[in-house]
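Positions are given from 1, in the same order as the sequence printed here. Just so you know, ligand 1 is whichever comes first in the structure, and atom 1 is the first atom listed for that ligand.
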Amino acid sequence: AREELAKKLKEDFPIFKTGSFAYLDNAATTQKPKQVLEAMEHYYHAENANPLRGLYELSLKATEAYEEAREAVAKFLNAKESAEIIFVRNATEGLNLIAYTYGRAFLQEGDEIMLPVSEHHSNFIPWQQLAKEKGLKLHFLEPNEEGIITEESFRAVLNPKVKLVAMAQVSNVLGSIQDIKLFAKLTHEIGAVFVCDGAQSVPHTKVDVQDLDVDFLVFSGHKLYAPMGIGAVYGKKELLEKMPPFLFGGEMIEYVTKEGATWAELPHKFEAGTVNVGGAVGLTAAISYLDKVGFSFIEEREAELCAYLMEGMEKVPHVHIVGSKDPKRHHGIVTFTIDGVHPHDIAAIFNSNQVCVRAGHHCAQPLMKFLGTPSTTRVSLGLYNTKEDVDAFLAALKTIRGVMGYGE
Ligand code: PMP
């Protein structure tokens, strides 16, 4: 029944009518359903104007559409209020915003930051740069063989000098999910703040920022069936209020003189310049699409398909899955190596079989070093993937060593 529903959902995505291919690179970006494309088209056909500035009807409509998107994101993440949602381009910009504003204003020389070595570069380099600039110490947490940061290993480095902990809820390489609620609680016990990278969790599981009690959480719309160029930062209001602005310019000010300026109220303080209303409208439509599909279906479906995928992979000689062998721990993300074959050759062979997968270091070079491999290949599932997609992947997988000239 779930397979039938996935097939039906796939029909909502026009790109799959352009040809026959298995799209298995959903952790990089997802395809967009017609509901999202139509909502954006309607916006540009009937409501486009620069929001916030104009007092005429079109501009008011654009403002309304933008603020509706903020309400939709607040509800989606269960934020207390929409002023806690700041729109940005993507998760990367969101993490930079936090490092630049909170990090620069509130971390001092000698303070410490904790983060897993498995973080995506966008939740790694902003902290590394901040540490260099301010003389901070970084502590790297190491995941176990299951891809998990244990409570024990977290407690082993936690100390009163730590002022910030940054962690992805789901790893874009290992697919493993971390116990964010526990780590946020331990972080708060020493008076530090907890930054959660939700880029890979928000598309796969229900995320409730109040239940997790994180101080900040970021995500990208384009991994959530929404367009590229729109993402969000959730931040607790009391923190956002005391943080300085990120970018300066139009729309983020209250009053400007030759001598200085004061800042607009939240959330506008953090949204300098003309914003991406079309993208926000697409995000609203993507969230309502997800609400209709429901996370209980998404979770069960991805676990089921991931189990089918991993079972198939395990039967192919010389293929090694990185991290846990339990599909429930993968959240639709499976990274692997093949003995004697470079991931770029693997991806090229998949490409010639109309299978889209990712090869490389996955923007996680410190993790690759930790795993002792320069690069891997990753397959990642979305809500529209079917057994047929996985079968196409497995059929191509079986041919790879042969294509590369190995005997068996
Ligand atoms: N964090 C994680 C865990 C990711 O997987 C990604 C995207 N691969 C990002 C952050 C960055 O997302 P974006 O490129 O949309 O800013």
Side-chain angles (χ1 to χ4, degrees), residues 23-32 73 77 86-100 115-129 140-141 143 147-149 165-178 180 183 194-205 207 212 214 216-234 246 276 279-280 282-283 286 302 322-323 329-335 343 347 356-368 370-371 375-382:
Y23 186 76
L24 296 167
D25 194 18
N26 293 284
T29 199
T30 51
Q31 301 302 341
K32 322 305 173 197
V73 173
L77 297 179
I86 315 293
F87 282 122
V88 288
R89 284 185 302 139
N90 48 37
T92 303
E93 187 174 84
L95 291 160
N96 276 275
L97 183 156
I98 300 163
Y100 266 82
L115 71 162
V117 74
S118 48
E119 291 305 300
H120 187 280
H121 293 162
S122 65
N123 196 25
F124 199 105
I125 311 173
W127 309 118
Q128 195 177 50
Q129 290 300 309
F140 297 106
L141 302 159
I148 299 298
I149 308 291
V165 177
M167 193 184 290
Q169 189 169 15
V170 169
S171 159
N172 64 308
V173 178
L174 304 167
S176 46
I177 196 162
Q178 307 300 346
I180 296 297
F183 295 137
F194 191 92
V195 179
C196 182
D197 175 356
Q200 296 295 353
S201 59
V202 164
H204 299 285
T205 186
V207 171
L212 295 175
V214 291
F216 298 99
L217 183 133
V218 304
F219 74 88
S220 289
H222 71 92
K223 294 182 199 275
L224 194 71
Y225 310 97
M228 294 185 183
I230 188 85
V233 173
Y234 156 80
F246 176 38
N276 182 2
L283 182 56
E302 284 177 354
V322 180
R329 288 212 187 267
H330 277 270
H331 299 86
I333 295 175
V334 182
T335 295
C356 313
V357 297
R358 195 73 155 189
H361 55 62
H362 314 292
C363 300
Q365 281 182 327
L367 172 63
M368 294 295 127
F370 173 73
L371 295 171
S375 61
T376 60
T377 308
R378 179 184 71 191
V379 39
S380 54
L381 306 173

Nearest non-hydrogen partners of L174 and P143, listed with the distance: CD1-CG, 4.3 Å
Heavy-atom closest contact (S171 atom, I333 atom, distance): O-CD1, 3.6 Å
Check against side-chain contact (heavy atoms from CB on, under 4.5 Å), I180 and F194: CA-CA 9 Å; I180 296 297; F194 191 92; 3.7 Å; yes
H361: partners by ring-ring contact (aromatic ring centres under 6.0 Å, His included), with sequence neighbours left out: H121
Heavy atoms from other residues, nucleotides or ligands near OH of Y100 exceed 12 (cutoff 6.0 Å): no
Which atom of M167 lies closest to which atom of N123, heavy atoms considered: N-ND2, 3.6 Å
Sub-4.0 Å heavy-atom environment of ligand 1, residues by chain: N90, A91, T92, H120, S122, N172, D197, A199, Q200, S220, H222, K223
